[in-house]
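Data block below; observations after.
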There are 2 protein chains.
Amino acid sequence: MSQDSCIICHFKHYGELSDNDEALLAELEQSPTEIKGDQILWQEGDVAREFCTLSKGWAYSFRHMEDGSRQILEIYLPGDIIGLREFAFKERLTGVAMLEDGVVCHFPHRRLINVFRESLTLSAIFFAISSHQQALLTERLVNLARRSARQRLAHLIYEMYVRLERTKARDGNSIRLPLSQQHLGDALGLSSVHVSRTLTAFREEGLLLRSRQRVELPDPEALAREAEFGDAYLNDGIDHFFHH
Amino acid sequence: MSQDSCIICHFKHYGELSDNDEALLAELEQSPTEIKGDQILWQEGDVAREFCTLSKGWAYSFRHMEDGSRQILEIYLPGDIIGLREFAFKERLTGVAMLEDGVVCHFPHRRLINVFRESLTLSAIFFAISSHQQALLTERLVNLARRSARQRLAHLIYEMYVRLERTKARDGNSIRLPLSQQHLGDALGLSSVHVSRTLTAFREEGLLLRSRQRVELPDPEALAREAEFGDAYLNDGIDHFFHH
DNA sequence: CGTAATTTTGATAAGCATCAACGCTAGTGG
DNA sequence: CCACTAGCGTTGATGCTTATCAAAATTACG
């Protein structure tokens, strides 16, 4: 077990795992499935009986509206767990699709009950992850409801910048961002046209440089100020429950 | 135990409880505290060490923005658990305030760990409640990002109409709604002025009648259509895990 | 190298915010 | 019981932010 899997690494952020914990987690990653970019994992309304761990690639959850538009709710990075939202539901509440080629591992809801039975630490960590996802959603909601187009865009990109630091997927001040302007607009409640204009403005101001799938932040702190970014919602952990 | 407490009744919606489960839950409601309307339970940034069960009265969580505006994130009804969001955090991410006089019961995060240890059923139910709250947030996010002022307002009121049915706090087609137009605006990302205009329009169309703290829905289904209301996100339950 | 998808740019318009003034209602003290 | 006051709700006028439509420019891809 020299090379930790993505999810084990993710869980270790929350607390120390016993060998038994690691074995239980490894069980959840039994059946890795390769998935192509743009492929849909499930649609709103599908029967919901399993979660998914995302081992490789980016994904997002979305909702189609009656007027044909689409809202992107969450962007998942490698190591994230997908579908926690639907634990208490029989149907999927949102669709999930890949942003690029990747690997996912399915495991049934019932197996989570097993985990609850076997490991107190993992129970607490799963609960913490659910609470962390709630915090991300809350911040997104505030972002959408109360901020300008400039702030929304700055906020999303800065959030990605911070989240990618944790997974060590950052490259200096530059990150890979496999999202089209259409995706960004769908996530931010903006038209792709307005996303384009706003990105142009940021470029002219030297706040953000975008080329192909990369984004460079020449002055990350200036971007954070523009976004009125507060990072409290990303600083989670439950160590204190166990090591007093 | 003839008269179930609010929270036990709430939990029973998710599954059958053993006597031990009920005893554990009763422990969480040990120290009821009376709270006046408009009083603040906690502020963003306060140390987070406990949850709260809301036994009586309505409450809401909110965030103050730098420009002085306020976003209301969640509206809590009697029986709801407050503060689950911060299980994995040391600080409160949002403030919480009462909408009217009420009663709350505090219990520390650590006691939840105890519950995890003692009862598999309650572990699953707590997880289900967290997932249900995530579903509510998701729907609110979609509402704010993608719908018009008319739809947002119709959606919020119809959601309350449905949630109040579950707690049997409905009175024919009329509900009590202790929210000012300012509150509604803060929840919907609208100015109170625009809320007023929209309510007037609904009144003239016979969709909604508002007087003092009451709202009447002469034709609930018409309102649901106006809101493009999908009720999947309210139909939760985890019975299927336990009785086969 | 050709074709499709994405991004950019310009012009116009919708939706909602903001400001300001006025009316109503509920709660208060005389 | 009534007059007074403060908060809440209503209405009108104006303007900003962002959507929408359409077309051109660029990039990605087979």
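By convention in this document, chain letters (A, B, ...) are assigned in the order of the sequence lines, proteins followed by strands, and residues within each chain are numbered from 1.
Counting non-hydrogen atoms under 4.0 angstrom, Gly185(B) reaches nothing in the nucleic acid. Note on Ser180(B): only backbone sugar-phosphate atoms sit closer than 4.0 angstrom, heavy atoms only; bases stay farther off.
In this structure, the CG atom of Leu184(B) is 15 Å from the C1' atom of dT10(D), given to the nearest Å. Atom CG of Leu190(A) is separated from atom P of dG15(C) by 17 Å (rounded to the nearest Å). Regarding Arg152(B), its CZ atom lies at a distance of 9 Å from the C1' atom of dC16(C), rounded to whole Å. Arg146(B) has its CZ atom 16 Å from the P atom of dG15(C), to the nearest Å. Straight-line distance from the CZ atom of Arg210(A) to the P atom of dA28(D): 10 Å, rounded to whole Å. Rounded to an integer number of Å, the gap from CG of Leu179(A) to P of dT7(C) is 10 Å. Atom-to-atom, CZ of Arg214(B) to C1' of dA26(C) comes out at 18 Å; the value is rounded to the nearest Å. Here the P atom of nucleotide dC16(C) and the CD atom of Gln151(B) are 10 Å apart, to the nearest Å.
Proximity of residues 65-73 of chain B to DNA chain C (heavy atom under 4.0 angstrom from any strand atom) is not detected for any residue. Scanning residues 193-205 of chain B for heavy-atom distances under 4.0 Å to DNA chain C yields Val193(B), His194(B), Arg197(B).
Checked options Lys36(A), Lys56(A), Arg176(A); the residue passing with Glu100(A) is Arg176(A) (criterion: salt bridge (Lys or Arg N to Asp or Glu O under 4.0 Å)).
At a threshold of 4.5 Å between non-hydrogen side-chain atoms, the residues Leu199(B) and Gln181(B) count as touching. Side-chain contact between Glu159(A) and Arg140(A) is present, with at least one heavy-atom pair separated by less than 4.5 Å. With contacts defined as side-chain heavy-atom distances shorter than 4.5 Å, the pair Tyr76(B)/Ile81(B) does not qualify.
Checked against dT7(C), dA19(D), dG9(D), the side chain of Gln181(A) finds its nearest nucleotide in dT7(C). Minimum atom distance to the side chain of Ser148(A) is reached by dT18(D), of the listed dT8(C), dT18(D), dA28(D).
Closest non-hydrogen pair, Glu50(B) versus Arg92(B), comes out as O-NH2, 2.6 Å. Closest approach of Val215(B) to Arg210(B), counting heavy atoms only: CG2-NH1, 3.8 Å.
A donor-acceptor pair under 3.5 Å is absent between the side-chain atoms of Arg146(B) and the main chain of Ser69(A), judged by distance alone.
Both tests hold for Arg170(B) against Tyr161(B): distance to the six-membered ring centre under 6.0 Å, angle to the ring axis within 45°.
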side-chain contact (heavy atoms from CB on, under 4.5 Å) between Glu91(A) and Glu86(A), worked out = CA-CA 7 Å; Glu91(A) 289 181 15; Glu86(A) 285 104 350; over 6 Å; no
